[in-house]
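Report on one structure; see the data block that follows.
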Amino acid sequence: MKREHVKNLPKIELHCHLDGSIRPETLRKIAAQQGIALPADNAQLKELLVAPEDCRNLNDYLERFDLVLACLQTEDALKAAAMDVISQAAAENIRYIEVRFAPSLHTRQGLSLPKIITAVLAGLHQGEQQYGVKSNALLCGMRHEEIHEIERIVQLANTFKEAGVAGFDLAGNEADFPPYTFEETLGLVKQLNIPLTLHAGECGCGKNVADAVMLGATRIGHGIALKDTSEHFALIKEKDVLLEICPTSNFQTKTVTTLADYPFRLFQEAGLKVCINTDNRTVSNTTLTDEFMKLHEWYGITYADMEQLLHNAVNGAFISEKEKQGLHQLLEEAYQKVDE
Ligand SMILES: [Zn+2]
């Protein structure tokens, strides 16, 4: 595969965090408007934002969000951040993207949760008008927070359903807060008919992935730890669950340490469905193009493989059947024309 082709071909992305994906130059503008001082030197700024290859663990990776979050406490900042992510998606011809964020992380200066969500949706909407990239938002509850706080986010996902919130997710510290901690909360998600994807098997055990599915997730963020628990493969297959894998991030968070351990081929050979994602464009210093090129280098995937991975993403997307058909057709037409 050629990088230029991979970049220009239409793509879909389902797992991209708003706060981890703002370009340093955009963050600089957002910070300046609020009088927040950032290191003048670009290399120094990047060092604060990009996770090193040798993160100790997931929590070490999550520390890279501190500076960004300090800057994302106003409506203007949130709107600019959302637009920035859409402009990056447009630059590599992503046709549909689901951008996720945790509203509770943006209340430090007193913004209300509905205002936070409205601001992000306004940015996504304006991004669509300006760059032509269709998007939806996913709201994340943070696992370490109080159950009632997380349930408030679930309720808001319901309130903003028609306005561009397509689903719910739980993010953050998986090791201390495994899926069954949230049994009742996820019951509420089901009751309200909110599409559910859950981070699981990113650092915890493979059983967390199976538990997340039992609790109603139709998609799993990462799911990498599933590789060591093949007894759960049947469940994942039976429920037609989509694993949103994020190769660069999975190595940075030490979910895997060697390529031989990375389960991309294992999952495919077992008939599990995966799609490819960036997770955090800035923190992981990556693009969706980079992620596909990595799979090409590591496993020799072809354009046909890439197309299949994108069809998987479309099938798992939290959009209508009609929208899915449109995206499937768009992919088929574009990939037919490409020379291997
Ligand atoms: Zn994630």
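Everything quoted here is computed from the prediction, not taken from an experiment. For ligands, and for the atoms within them, numbers begin at 1 and follow the listed sequence.
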Could you grab the distance from atom CZ of Arg64 to atom CG of Leu48, nearest 0.5 Å is fine?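 Going from the CZ atom of Arg64 to the CG atom of Leu48 covers 7.5 Å.
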
Ignoring water, what protein N, O or S atoms are under 2.8 Å from the Zn ion (ligand 1)?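 Atoms qualifying: His15 NE2, His17 NE2, His199 NE2, Asp279 OD1.
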
Closest contact, heavy atoms only, Ser21 versus Arg281: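 Scanning both residues completely, I find the closest heavy atoms to be OG-N, 3.0 Å.
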
Please list, chain by chain and in numerical order, all residues satisfying ring pair (Phe, Tyr, Trp, His ring centres under 6.0 Å) with Phe264, sequence neighbours excluded. Tyr299

In plain terms, say whether Glu145 and Arg152 are close enough for a salt bridge, that is, a side-chain N and a carboxylate O under 4.0 Å apart.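 Salt bridge: no.
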
Going by side chain to side chain contact (heavy atoms under 4.5 Å, CB included), name the residues that satisfy it together with Glu297, two or more places apart in sequence or in a different chain. Met293

Test: side chain to side chain donor-acceptor pair (under 3.5 Å). Region: residues 310-320. Which pairs qualify, not counting sequence neighbours? Glu307-His311, Gln308-Asn312, His311-His328, Asn315-His328, Ser320-Glu323

